[in-house]
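Inspection log for the structure reproduced underneath, given as structure tokens.
Per chain, numbering begins at 1; letters A, B, ... match sequence-line order.
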Amino acid sequence: MDLLENLNKNQKEAVLQTEGPLLILAGAGSGKTRVITHRIAHLIHDKGVRPYNIFAVTFTNKAAEEMKSRVMSIVGSGGNSVFIKTFHSAAVYILRRYGGEIGISPNFTIYDTKDQEALIKRILISMKLDPKKIKPNSIASKISEIKDSREFIEGTDLSLLVPEYFTFDFMDVFEQYEEELVNNNALDFNDLLIKTVHLLRKSPTALEQMQFSWKYFMIDEYQDTNYSQYLIAKYLASATKNLCVVGDDDQSIYSWRGADIRNILNFEKDYENARVITLEENYRSTKEILDAAYSVIQNNSSRKSKSIIAFRGEGEPVTWCQANNEYGEGDYVANTIISLKNRENLSNGDFAVFYRTNAQSRVFEEVMRREGIPYRIIGGLKFYDRKEIKDILAYLKFLVNPNDMISLFRIINTPPRGIGKATQDKMTDISKEMNVTEWKVIEDDLLTGRVPKGLDNFKNIINGLLSEMAKIPVETSLSKFVMEIVDRSGYRNSLVEEKSVESNSRLDNIDEFINSIYEYEQMNPGASPEQFIQDISLYTSEQNPEEEDRENCVTLMTIHNAKGLEFPVVFLTGMEENTFPHKLCVDFEDALEEERRLCYVGITRAMDRIYLTSTELRRSFAGIDYKQPSRFIAEIPQNLIDIKYYESTHQVGGGRAGYGSSSVKEPPAMKRASAPMGGGSGGSSGFSKGGSGGDSKFSLKERVVHPKYGVGRVVKIEGTGDNIKLTISFGVTKKVFMEKYSPLEKLN
DNA sequence: TTGAGGCTTTCAACA
DNA sequence: AAAGCCTCAA
């Protein structure tokens, strides 16, 4: 196989330039992933590099999975031993192995945002601060922001980073938070990276060992690296200098997570003799899609100007559909998917629906389910975020790391064992007084006064499970062990006794969870419970861990999650002011420019077709919001856009009953938008030949005349043969007719 | 100490 | 709309 086949000149160079520092500036769709994967394959096949000598990291699980599977499709199963992970999971891997060098034991717990907030809340209370006035989540994000900063990592003055409006002693809270993490043997997401930097600085031995195995480094999405990620790459590659970074400043969308654009801008300064290769030919998208994307991104002031060549030439116009509300938007998306599938050889896997915030996914899910379109959701409602799963995981986390008091307090009275707040508070006091962990207080019966019977019971459960856990993997297995947890803790029983719809579904979820552990076990033979929970803490699962084949599913995800992916047909939804751009961004130029880059990322995911959708009104928890089309729409030249209007009869604000009972909905109407930007190209409707009513003598949008109702317009055609149903819109009212019996005539 | 029921808050994006 | 928090009766 010739790996260089079908690569252009610059791509070839990038693949062949295996030694030394290399910056690949890769515009959207310029074959970046292709270059990375072929570069890996080239290293293995032509340069004789061992797969496990290659270290490649990206940002999201999604992108890492994608990269891995594409590498494997070129080099076969050998690709499996290439180290391809997200930055965070790479850090976990490193810390689990070498963390001992800086005093981190391998059974450390990862605190996610929720755990973090729970811990901060405890600290606030212990400091007599009111968690209602001082919000744990705002503290958490400030702490996170500081921990991402150069100042924190270099140990310089942090005082400038603390906002003036914090009227309490923030630094004190911060210090206690850091202390408690140590006491709990826990690391937050920032720590994973920071401690790795720390390790690489402090332990030449560990660094040497890592450099013994890794010789070639690839960092994807380099524009999104923060300071610690920048350092990790730098230190790891310091011996061989074989560091290849890939990025595009137009696609920088993680500044809110501490991404530092200087990393990519200064690459040539940081690395002597760095080579820079620019990929500017776009192979993914049609010219219309690229023109639209570029006309948007050009409104940003702070960007390197660059050229892009639309290799594929022209295709379909960009479609912008304005719907009356979010249900109309959902219907429009579903109907367009159905009609495109009828018209062309497309499968569900070719479609993706993007939105700015996860909350927008609900309506799309509902519509997909109603229309019988299989879908999968990436990110968002995490399976592992469900209460019952978190509870069971907390047991596991605590058993693995008995210092983890956040997990301990989650499970100590779940299910209820009569260990209430009073007892728990006493435990905390004693543990502070005697400077021992809360578990030690239980284990050694250090509680004085009245001790609830349940506490002894809890102790026995935990001790029993601890000795059971020691039998993994020989006498028992991880999945069996988790089953033991569910049973012995009484968790299963309490759900079984509850006998409600909800408790049944929780039981199902637990079974599904155990199933997924079983699969994990098969994939990772000999994996320890420690490893499992650390892996799982970083993995934002799809709704069902074992999802149907992706070919068969429409993909729903946030735009952030879409980065690095591509789809033949993309719906970029919620194109409204204050939705996208998000309302928290519209007043800040920097934030707005990042939104615009996000928009650029969204549009450039599309290969053949892009549909931008917006609503006239949308319901939020606050009430009904009337929406203006996103400014990004107006930034696209009119001549590129085909404008549509779509109306659903679902009335927003009609109360609960109006929702969900969508099977009885009236057929939606479709009409030309009275667009603020004037007419589109008058191109074909998304539904023109679509639907199963292909053999009707009428076509969609055609004007017809009815003896009683007058002139109307065909807005929907359903059924076949003698069963063709036509929906005709007569101004404000709509009527459904059987074509065979109706007196409808063409108007001409 | 528990759990039902009422009240309040919450949805920005990812690891 | 849903989850989390709080109060209060048992």
Is the phosphate of [N] approached by [X] (side-chain N or O, under 4.0 Å from OP1 or OP2)?
| X | N | result |
| --- | --- | --- |
| A:N561 | B:dC14 | yes |
| A:N137 | B:dT10 | no |
| A:N413 | B:dT1 | no |
| A:T423 | B:dT1 | yes |
| A:R619 | C:dA1 | yes |
| A:S89 | B:dA15 | no |
| A:K121 | C:dC5 | yes |

Selected nucleotide, minimal atom distance to [X] side chain, candidates [options]:
| X | options | answer |
| --- | --- | --- |
| A:R356 | B:dC14, B:dG3, B:dA12 | B:dA12 |
| A:K135 | B:dA13, B:dT10, B:dC11 | B:dT10 |
| A:P416 | B:dT2, B:dA12, B:dC14 | B:dT2 |
| A:F189 | B:dA15, B:dC14, B:dA12 | B:dA15 |

- Query: Going by ring centres under 5.5 Å and near-parallel planes (under 30°), is A:W256 stacked on B:dA13?
  - Reply: yes
- Return the stacking result for B:dA12 and A:H582: yes when the ring centres lie under 5.5 Å apart and the planes under 30°, no otherwise. yes
- Item | A:F580 vs A:T357 side-chain heavy atoms within contact, under 4.5 Å | no
Base, sugar-phosphate, or nothing: which does [X] touch, judged by heavy atoms less than 4.0 Å apart?
| X | answer |
| --- | --- |
| A:F59 | sugar-phosphate |
| A:L192 | nothing |
| A:A422 | sugar-phosphate |

- Message: Pick the closest DNA chain B nucleotide for A:C585 and for A:T86 by heavy atoms, then say which residue is nearer the 5' end.
- Response: A:C585
In whole angstroms, how far is the [atom2] atom of [N] from the [atom1] atom of [X]?
| X | N | atom1 | atom2 | answer |
| --- | --- | --- | --- | --- |
| A:K147 | B:dC14 | NZ | P | 21 Å |
| A:F354 | B:dA13 | CZ | P | 16 Å |
| A:D112 | B:dA15 | CG | P | 13 Å |
| A:L584 | B:dT10 | CG | C1' | 13 Å |
| A:R618 | B:dC11 | CZ | P | 18 Å |
| A:H560 | B:dA15 | NE2 | C1' | 13 Å |
| A:I559 | B:dA12 | CD1 | C1' | 11 Å |
| A:I194 | B:dA15 | CD1 | P | 18 Å |

- Message: Quiz question: by atom type and distance under 3.5 Å, do the side chains of A:S144 and A:S141 form a donor-acceptor pair?
- Response: no
- Item | Nucleotide forming a Watson-Crick or wobble pair with B:dC7, both distances under 3.5 Å | C:dG4
- Task: Mark yes when over 12 heavy atoms from residues, nucleotides or ligands other than A:Q628 sit less than 6.0 Å from its CD; otherwise mark no.
- Result: no
- Member of A:E595, A:E576, A:H582 meeting the side chain to side chain donor-acceptor pair (under 3.5 Å) criterion with A:R356: A:E595
- Item | A:D115, A:D404, A:D112 screened by salt bridge (charged side-chain N to carboxylate O under 4.0 Å, His left out) with A:K397, the one that passes | A:D115
- Test log, rule salt bridge (charged side-chain N to carboxylate O under 4.0 Å, His left out), inputs A:D535 and A:R96: CA-CA 11 Å; A:D535 283 353; A:R96 196 188 292 135; 3.5 Å; yes
